[in-house]
Amino acid sequence: MRIAVQDDRFDLGEESQRFMADIVAVGANSGAIVTFTGVVRGSDSGDMVAMEIEHYPGMTERAIEQITQEAVQRWSLADVLVIHRHGRLTPGEQIMMVATAARHRSDAFEAAEYLMDYLKSRAPFWKKEMRQDGEGAWVEAKDSDEDALARWD
């Protein structure tokens, strides 16, 4: 299991290859690997120029580790990778990556969805949408995100 909270960009191909190589190296009998990459999208109004993401180092990593441990306990996973970026990101940039490996695809898919839902709603990140006029607005929690979590109860 690897968790990285970083401001640096990451190479999706390299991270996927390294994740697969790590699984092979430990001899895990995985038949399924699921990867998901989140990308910063623009605002509905079209005037967002960047997303500024803040976090508390240490606290954020611990929260993500707890979310990941819950996924490992819930599904039969061989490995998990979570990368989440912070700092100033522009629309189209990769913001996060989740990878799961399991013997069977249903475990890998469900665990990846669980992680994405919980990372979006429970990982302690604060996001501010910066507009063309230089002003910004904090992104508030959405009911739809809470609804997505309810399916895992």
* Just jot down the side chain to side chain donor-acceptor pair (under 3.5 Å) partners of R105, sequence neighbours excluded, or say none. => none
* Asked: Is the CE atom of M20 crowded by more than 12 outside heavy atoms at less than 6.0 Å?
  -> no
* **Sequence-distant partners of R74, salt bridge (charged side-chain N to carboxylate O under 4.0 Å, His left out), two or more places apart** => none
* Sequence neighbours excluded, which residues qualify as salt bridge (charged side-chain N to carboxylate O under 4.0 Å, His left out) partners of R2? -> E15
* Can you run down the ring-ring contact (aromatic ring centres under 6.0 Å, His included) pairs that involve residues 27-51, sequence neighbours left out, and say none if there aren't any? => none
Enumerate donor-acceptor pairs with a distance under 3.5 Å from any side-chain N or O in residues 46-53 to protein atoms, sequence neighbours excluded.
| residue | atom | partner | partner atom | Å |
| --- | --- | --- | --- | --- |
| D47 | OD1 | S43 | OG | 3.4 |
| D47 | OD1 | S45 | OG | 2.6 |
| E52 | OE2 | R88 | NH1 | 2.7 |

* Pair F125 + H84: ring centers closer than 6.0 Å -> yes
* Apply side chain to side chain donor-acceptor pair (under 3.5 Å) to E54 and list each qualifying residue two or more places apart in sequence or on a separate chain. => none
* To do: List in chain and number order the residues that pass side chain to side chain donor-acceptor pair (under 3.5 Å) with D117, two or more places apart in sequence or in another chain; answer none if no residue qualifies.
  => R151, W152
* To do: Starting at CD of E113, measure out to CE of M116 and round the result to the nearest 0.5 Å.
  => 5.5 Å
* Structure fact -> Sorted by chain and residue number, the side-chain contact (heavy atoms from CB on, under 4.5 Å) partners of A102 (sequence neighbours excluded) come out as L77, D107, A108
* To do: Check salt bridge (charged side-chain N to carboxylate O under 4.0 Å, His left out) between R103 and all other residues, then give those that pass, not counting sequence neighbours.
  => none
* Residues two or more places apart in sequence or in another chain: which of them pass side chain to side chain donor-acceptor pair (under 3.5 Å) with E61? -> none
* Asked: What pairs with W126 under ring pair (Phe, Tyr, Trp, His ring centres under 6.0 Å), at least two apart in sequence or on another chain?
  -> Y56
* Asked: Take atom CG in D44; do more than 12 heavy atoms of anything else shown fall under 6.0 Å from it?
  -> no
* Asked: Any chance the side chains of Y114 and E70 put a donor and an acceptor closer than 3.5 Å?
  -> yes
* T90-E93 side chain donor-acceptor pair, cut-off 3.5 Å -> yes
* Asked: Which residues satisfy the salt bridge (charged side-chain N to carboxylate O under 4.0 Å, His left out) test with R122, sequence neighbours excluded?
  -> E146
